[in-house]
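Report on the following structure.
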Protein chains: 2
Amino acid sequence: MDKNHTASVLIDLSAAIVSVRGDQPVCLTVPDVSEYQTPGLPFGPFYPDRHRTMEIGLRQWVIEQTALDIGYVEQLYTFGDRGRRSEGPEGADNQNEEEHIVSVGYLALSKQCPQPDQWSEWYKHFPWEDWRNGRPNILNQQIIPYLEAWSGSDEFRRHRLQQVFGFPDKAWNDEFVLDRYELMYEAGLVWEAYADGRQKEKISAQNGIAMQLDHRRILATAMSRLRAKLKYRPVVFELMPSAFTLTQVQKTTEAILGAILHKQNFRRQLAKNELVEPTGQMSKARGRPAELFKFKHDENQSTNLPGLRIPLGKSRNF
Amino acid sequence: MDKNHTASVLIDLSAAIVSVRGDQPVCLTVPDVSEYQTPGLPFGPFYPDRHRTMEIGLRQWVIEQTALDIGYVEQLYTFGDRGRRSEGPEGADNQNEEEHIVSVGYLALSKQCPQPDQWSEWYKHFPWEDWRNGRPNILNQQIIPYLEAWSGSDEFRRHRLQQVFGFPDKAWNDEFVLDRYELMYEAGLVWEAYADGRQKEKISAQNGIAMQLDHRRILATAMSRLRAKLKYRPVVFELMPSAFTLTQVQKTTEAILGAILHKQNFRRQLAKNELVEPTGQMSKARGRPAELFKFKHDENQSTNLPGLRIPLGKSRNF
DNA sequence: GGATTTATACTCAATGTGAGCATAATAAAG
DNA sequence: CTTTATTATGCTCACATTGAGTATAAATCC
């Protein structure tokens with residue numbers, strides 16, 4: 001059947017497997033293979049014969065290939081336009097018979113991250129997203145000037161610039177990671193735009209480390225989703241060990257949000273929502289020892305729990 | 001290649017195309033074909049050769065087949081386990097060569113809904129989700145007693161019952177449409193569970209009108225997503241005509257949420273967020289005439305706008 | 001022992017929210 | 001033409017939440 005032939009595709013499951021190492025959110029990557037030395041997200045094919053659902057299929061190859069214990073898994077988005085890669089200037093189309101691929105992106109959270117060299121820090125790929133030490137320099141020094149030139153007098157472009165980058169007079173919104181990346185892609189400000197043939201010349205500035213195919217876009221989607229979810233579901237605890245101090249929870253939250261939070265108010269929220277309970281033990285470190293807590297609903301699904309409202313503060317406009 | 005053969009699938013794009021008729025949210029359905037007379041959602045294949053992205057493909061066949069103007073489109077979820085249908089007791093497997101289908105669900109919003117017979121009211125499929133006239137009788141008379149018996153002394157089941165149905169002593173959460181449907185499915189309380197072979201006997205009670213395959217699940221996903229989105233993005237206006245009264249906005253919101261809102265507080269939110277602006281004209285109906293408004297950001301994307309916080313009230317526990 | 005570091009308790013003003021009363025402007029009823 | 005029903009809109013007020021800070025406690029480092 002001709003119809004069936006043109007409609008048949010392969011399914012790739014790509015995963016942004018996220019963990020936190022120290023005070024840096026990290027993401028599992030696979031070694032670079034192309035001439036451009038860009039890392040990529042782990043992915044594997046979905047075999048509908050073997051696995052009843054895609055999530056089962058995903059968990060299967062993650063266990064097989066990484067031996068990781070991923071608890072929380074969430075589907076992000078399905079991209080049907082990965083064909084981009086064949087439009088790029090990098091050479092001939094290598095796929096036989098123009099086999100199409102649909103990629104389903106997943107977000108997974110892992111408490112541990114062994115083998116440090118395989119985990120890549122979020123903010124090396126997105127340096128403009130980490131505001132913990134104030135407004136990142138790269139914004140004023142590179143990104144914003146370029147984007148302003150790009151938008152020119154185009155009313156729509158200027159409006160988007162204001163919406164997603166908060167330039168010139170709106171607040172920065174930490175959830176717009178994907179929107180910002182896509183705007184930069186459109187403006188030819190990231191390497192992937194060059195690889196996909198959207199712009200002819202390789203950009204001079206290094207706006208974060210690029211990734212293979214649309215993997216940086218998937219990571220951006222994961223970051224957006226995780227930052228948003230953190231605010232209404234207690235997913236942080238999927239990244240915490242079984243016992244932790246309240247400061248550790250806060251540091252992990254801050255790492256993901258890329259922003260500093262008010263300590264006392266953060267703890268007030270944790271207390272009000274009754275998400276943690278004391279273990280009785282104390283941590284030993286520098287300074288006054290902190291009480292060790294554990295997540296109250298560890299046995300249950302963390303889905304549909306009250307969630308932790310994050311005290312974001314008012315003056316987020318630097 | 002054997003590997004490629006088992007991994008190759010067909011992509012179906014299924015759409016929950018939602019509109020509001022009077023005070024009822026409705027959803028475009030296609031006539032029933034099976035012996036069970038169950039309606040289904042419109043769907044069509046995705047041809048990766050023809051359409052660059054899946055959203056383009058979706059818009060294409062919606063335009064071709066329904067001549068509808070859908071503005072807002074959002075991807076919901078990708079289901080790889082539609083194969084359920086072949087497990088059912090309804091007879092032999094009809095698909096030649098066991099061709100697998102992955103279905104990508106979409107939510108679309110339409111301002112108009114012509115041809116009334118093709119649009120099906122949400123709450124005929126989900127009668128327990130409409131709380132505008134108080135707690136629906138079907139809950140206490142059928143669903144809850146059955147679910148309580150089903151959970152028995154199983155701690156996990158009782159916990160889920162409390163979480164998603166608020167029984168016995170938690171508040172009803174209007175966003176848990178999908179969770180409630182899935183719980184009822186698992187408990188064998190909806191017709192689809194019978195069709196899929198999860199339970200042997202056809203259920204006696206009619207817990208809402210069933211749909212084909214997993215379409216009611218997709219509709220539940222759409223309802224959950226829309227109810228949630230309404231609270232932080234101004235998507236209601238995708239369902240409103242170009243000029244409207246504030247009461248019309250409220251009635252539409254209430255229809256989707258399945259709950260009654262406090263009038264004055266609802267308007268306070270609209271005013272504060274500056275989402276509407278007066279047209280100068282007045283509506284003529286019974287009672288005092290209301291001012292006609294229009295959406296302030298009609299030309300722009302309604303994505304990433306401040307959004308309208310909905311005054312939900314406190315005593316939502318009947 | 002004093003400086004440093006971290007934890008935790010408590011306060012307070014500003015804002016947001018739920019709930020309600022009061023009043024205005026129209027059409028329909030008598 | 002007055003009353004009544006109906007819808008729209010203005011306003012208040014108590015209460016909860018939040019942002020931002022001060023004060024104090026308990027440990028380590030030197």
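Each chain gets a letter, A, B and so on, in the order its sequence line appears, and its residues count up from 1.
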request  = Take atom CG of A:Asn265 and atom P of C:dA7, then tell me their distance rounded to the nearest Å.
outcome  = 16 Å
task = Please tell me which of B:Gly287 and A:Ala285 maps to the more 5' nucleotide of DNA chain D, matching each residue to the nucleotide holding its nearest heavy atom.
result = B:Gly287
task = Could you tell me whether a side-chain N or O of A:Arg132 sits under 3.5 Å from a main-chain N or O of A:Asp23, the two making a donor and an acceptor?
result = yes
Heavy-atom check, side chain of A:Leu292 versus side chain of A:Thr245, under 4.5 Å = yes
note = Partner of A:Ile17 under side-chain contact (heavy atoms from CB on, under 4.5 Å), picked from A:Leu28, A:Thr29, A:Leu109, is A:Leu28
message = Tell me the interatomic distance from B:Phe266, atom CZ, to D:dA8, atom P, rounded to whole angstroms.
response = 12 Å
message = Please classify the nucleic acid contact of B:Thr247 as base, sugar-phosphate, or nothing, using heavy-atom distances under 4.0 Å.
response = sugar-phosphate
request  = Let me know the distance between NE2 of B:His262 and P of D:dT9, rounded to the nearest Å.
outcome  = 15 Å
key: A:Lys263 vs C:dA7: side-chain N/O to OP1/OP2 distance below 4.0 Å   = yes
query = What is the distance, rounded to the nearest whole Å, between atom CG of B:Leu292 and atom C1' of D:dA8?
reply = 13 Å
Closest to side chain of B:Arg286, choosing from D:dT6, D:dC29, D:dG21 = D:dT6
request  = Measure the distance from CZ on A:Arg267 to P on C:dT6 and round it to the nearest whole Å.
outcome  = 13 Å
task = To the nearest Å, give me how far apart CE (B:Met282) and C1' (C:dA27) are.
result = 14 Å
Residue A:Pro289, side-chain heavy atoms: nucleotide from D:dA27, D:dG19, D:dT9 that is nearest = D:dA27
Polar side-chain atom of A:Arg21 near backbone of A:Cys113 as donor-acceptor pair, under 3.5 Å = no
ask   = When the distance from NZ of A:Lys284 to P of C:dT6 is rounded to whole Å, what number comes out?
value = 17 Å
Position toward the 5' end of DNA chain C (nearest nucleotide), A:Ala290 or A:Arg268 = A:Ala290
ask   = In whole angstrom, what separates A:Gln269's CD from D:dT17's P?
value = 9 Å
Phosphate OP1/OP2 of C:dT17: any B:Lys272 side-chain N/O under 4.0 Å = yes
ask   = Got a salt bridge between B:Lys229 and B:Glu238, using NZ or NE/NH1/NH2 to carboxylate O under 4.0 Å?
value = no
Between the protein and nucleotides 22-24 of chain C, which nitrogen or oxygen pairs are less than 3.5 angstrom apart?
{"from": "C:dA24", "atom 1": "N3", "to": "B:Arg288", "atom 2": "NH1", "distance (Å)": "3.0"}

key: B:Gln162, CD: over 12 other non-hydrogen atoms inside 6.0 angstrom   = yes
task = Give a yes or no on this: more than 12 heavy atoms of other residues, nucleotides or ligands lie within 6.0 Å of atom CD of B:Glu274.
result = no
